[in-house]
Amino acid sequence: MLFRLKSATAALCMTAAFALALPAWVNAAEETTGNAPAAAAPDKPVDAEAQAKRMKNARVGFGNNCGRCHENFGLHAGPGPKLAGIKLNKEQVVTTIANGRNAMPSFKKTLTPEQIDMYADYILSLKDAE
Amino acid sequence: MKPWSTYLKGTAKALSAAALIGVAAQSGAVEWDRLLNADKDPNNWLMYHGSFKSWHYSDLSQINTANVKNMRVAWIHTPSANKRGVQSFPIVVDGTLYYTSASGQVWALDGATGEMKWKYQAKLDQERSEGTFYNPYNRGLAVGYGNLYVGTTDGRMIALDMNTGKVVWDKMIMTVEGGNKGFTGAPVVVKDLVVIGSNGGELAGCCGPIFGVDAKTGETRWQFDTIGGDERSKASWGNDSWKTGGGGGWMTGTYDAVTNSIWWGTANPAPDYDWAGEAWKTEGARPGDNLYSSSVVVLNADTGELKSWFQEMPHDAWDFDSAVGEFMLIERGGKRYVMHPNKGGIIFVYDADPSSQPLKVANAYMIGKTFNYIKGVDAKTGQLVGRRELPEGKHKNVCPAIDGAISWNTGSYNPNTGLLYKVGQEWCFDIEVVKADPPPAFSGQTYFGASWTSVHPEGRKAFGHVSARDPLTGKIKWEKEYKYPPLASLLSTKGNLVFVPGADGIFEALDARSGAKLWQHNNGIGHHGGVISYTAKGKQYVAVVSGWGSHVSGNYCPLFGEPFCAMPTDAGQLLVFALP
């Protein structure tokens with residue numbers, strides 16, 4: 001678990017909000033991986049330092065999980081497309097990671113909702129320098 | 001090395017096993033004796049590697065160097081599911097051609113006309129299949145005892161009646177805890193078993209099993225775990241890291257009747273890239289050698305017990321699997337050898353006798369050219385020399401890239417020329433290795449440990465080559481360079497031809513003796529699957545599958561641009577050629 005929850009109430013609220021967005025695969029992930037407990041929704045940091053740390057973790061995690069296809073941490077096209085500058089909103093990115101797209105596999109059973117949320121934020125933070 | 005006569009007992013034992021199976025012969029049925037002697041049956045293509053010798057050679061010569069210029073398309077079949085292209089090897093039995101396409105499709109066609117006899121569509125667990133990194137392609141079938149056998153991306157094996165396409169049995173073979181793994185490789189029939197290996201090198205979660213499945217009932221008779229299956233293996237993964245260690249055996253091995261042994265190659269460990277660098281023996285994500293990942297394993301065919309092994313990449317730091325390719329059984333000077341390629345661009349030549357642990361290496365040589373991940377390989381011991389470790393951080397121009405100098409396509413050995421024909425591919429990457437948190441044990445989470453960008457080798461553009469060389473010594477007879485590295489398998493024939501299905505769609509025939517191009521046809525899309533030859537109604541055909549979209553092929557657009565950026569990844573065909 002990358003982020004500690006401040007309170008059970010907050011955790012439940014976040015879980016409920018996340019579940020409303022994507023109830024089916026959140027439940028599937030919880031049932032299958034066993035590493036996404038009910039109180040495991042993202043607890044988004046608000047201060048800049050915490051946000052920078054979160055993005056640093058996201059970059060490492062994204063590279064580890066996704067960097068084989070989305071080369072150079074999403075900055076370069078490879079077997080998968082370049083993600084920097086992608087024209088999708090947060091919900092679309094989350095849905096794509098969860099359900100897959102074209103040759104991209106579905107990650108809803110192997111990544112936690114927290115990871116998917118964090119990677120979506122990371123992808124949308126990438127600047128298209130090329 | 002024991003003399004041949006010593007092995008006769010073993011061969012007789014293998015032959016007698018066929019009698020125990022007791023399946024009634026029928027038209028087109030393939031009994032064990034026929035499989036065992038597939039190398040003497042050029043009219044058919046009875047298994048993924050052609051025969052247990054794994055030569056990918058056809059003893060047919062109707063089509064030859066003199067007349068190949070007249071070869072034309074005889075018929076074409078377009079499967080209805082071909083996402084990521086057609087990647088399989090057809091099988092031919094008595095004039096009927098069988099092949100698989102993506103998403104669980106199996107086709108039976110008339111080998112002379114292409115007329116459809118039947119089609120089978122497996123009902124797959126889409127959530128599990130689409131959740132795997134290895135989807136939806138399939139690389140082939142096995143045949144035996146009136147059935148066809150195919151693995152599925154959701155971990156099942158299905159036996160189909162070869163005459164009707166009806167399901168004989170359908171069994172869940174690979175149950176998983178959390179993770180998404182399954183089968184994409186072709187099974188092989190070994191006596192009364194069907195043997196298949198799982199995918200999963202990059203997926204956190206042991207144990208990368210290879211299965212021996214009862215050909216009649218579909219019951220699993222044995223399971224060999226490529227990682228964590230014995231104490232030697234567990235001891236070679238510090239901190240119980242075998243539980244997130246990948247492994248598997250995703251391509252097709254072979255059987256050596258002389259020693260009653262199955263030879264199989266295993267996949268890389270996870271994470272592919274370990275942040276430990278030089279300290280990998282005691283530190284990092286997976287401290288130790290990580291047996292039996294990136295290894296050759298030799299199993300007792302009846303029990304699945306490990307007889308011997310050789311780890312081609314101890315603590316594989318580059319994702320250079322041993323799962324790729326073929327185990328070519330070659331005899332010379334009264335001695336028997338097994339030739340096996342590794343993704344790192346090394347050809348290992350083993351003594352075929354598995355009684356020593358680890359296996360004895362007779363020779364090892366590089367076919368890659370631009371490599372810098374090692375300085376070389378010790379020809380006498382097979383040990384890597386001058387490893388370039390990749391600790392946490394950035395590394396420029398590491399060669400070859402993750403895709404290797406050799407991919408999963410097979411080479412071909414021609415006993416008439418005495419030459420091994422093999423593709424090599426040459427490009428590199430700039431990589432940044434990260435220190436990621438280990439994923440939960442058995443989670444099936446992708447676990448690469450790095451991200452990278454494919455780049456050209458220093459001083460020149462990426463390229464490929466097909467070489468013809470002595471398989472045991474590595475001495476080159478000829479070599480042909482390709483602007484775009486071929487990714488498909490090769491076929492050589494008694495007609496002194498080598499068929500090369502190209503990445504750009506050009507399918508060509510070379511003179512096996514000189515490499516001179518004698519014929520070509522543009523199939524309109526890249527190839528990264530099989531090529532075979534057979535006869536139907538007395539006439540020789542050459543069949544090749546087409547289609548683009550494998551993981552490795554994904555590098556071609558960024559490296560080469562067109563025609564690859566515009567090449568579809570949801571198209572593919574079976575194309576069959578013959579003389580007029």
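This is a predicted model, so every value here is computed, not measured.
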key: Close side-chain approach of B:Phe133 and A:Arg68, heavy atoms under 4.5 Å   = yes

query = Where does B:Thr569 contact chain A at under 4.5 Å (heavy atoms): side chain, backbone, both or neither?
reply = neither

request  = To the nearest 0.5 angstrom, please state how far the CD atom of B:Glu130 sits from the CG atom of A:Asn99.
outcome  = 9.0 Å

query = What closest approach, in Å, do A:Pro79 and B:Asn555 show between heavy atoms, and which atom pair accounts for it?
reply = CD-OD1, 4.4 Å

query = Looking at B:Ser454, B:Ser550, B:Ser553, B:Gly549, which makes the most heavy-atom pairs under 4.5 Å with chain A?
reply = B:Ser454

task = Over all heavy atoms of both residues, which pair between A:Gly63 and B:Ser451 is shortest? Give the atoms and the distance, please.
result = CA-CB, 4.1 Å

Partners passing side chain to side chain donor-acceptor pair (under 3.5 Å) against B:Asn268 (at least two apart in sequence or in another chain) = B:Glu202, B:Asp272

query = Hey, is CD on B:Glu562 packed in by over 12 heavy atoms from elsewhere, all under 6.0 Å?
reply = yes

query = A:Cys66, A:Gly80, A:Gly78: which one forms the most heavy-atom pairs within less than 4.5 Å of chain B?
reply = A:Gly78

request  = Only pairs at least two apart or in different chains count here, so list each salt bridge (Lys or Arg N to Asp or Glu O under 4.0 Å) that has a residue in residues 390-399 of chain B.
outcome  = B:Lys396-B:Asp430

B:Ala450, part contacting chain A, at a heavy-atom distance under 4.5 Å = backbone

ask   = Measuring heavy-atom distances to chain B, does A:Phe107 have an atom under 4.5 Å in its side chain, in its backbone, in both, or in neither?
value = side chain

ask   = If you take all heavy atoms of B:Phe448 and A:Asn65, which pair is closest and at what distance?
value = CE1-O, 3.7 Å

query = Is there side-chain contact between B:Lys435 and A:Val60, with at least one heavy-atom pair below 4.5 Å?
reply = no

task = Identify the two heavy atoms, one from A:Glu71 and one from B:Thr453, that lie closest to each other, and give their separation to 0.1 Å.
result = OE1-CA, 3.3 Å

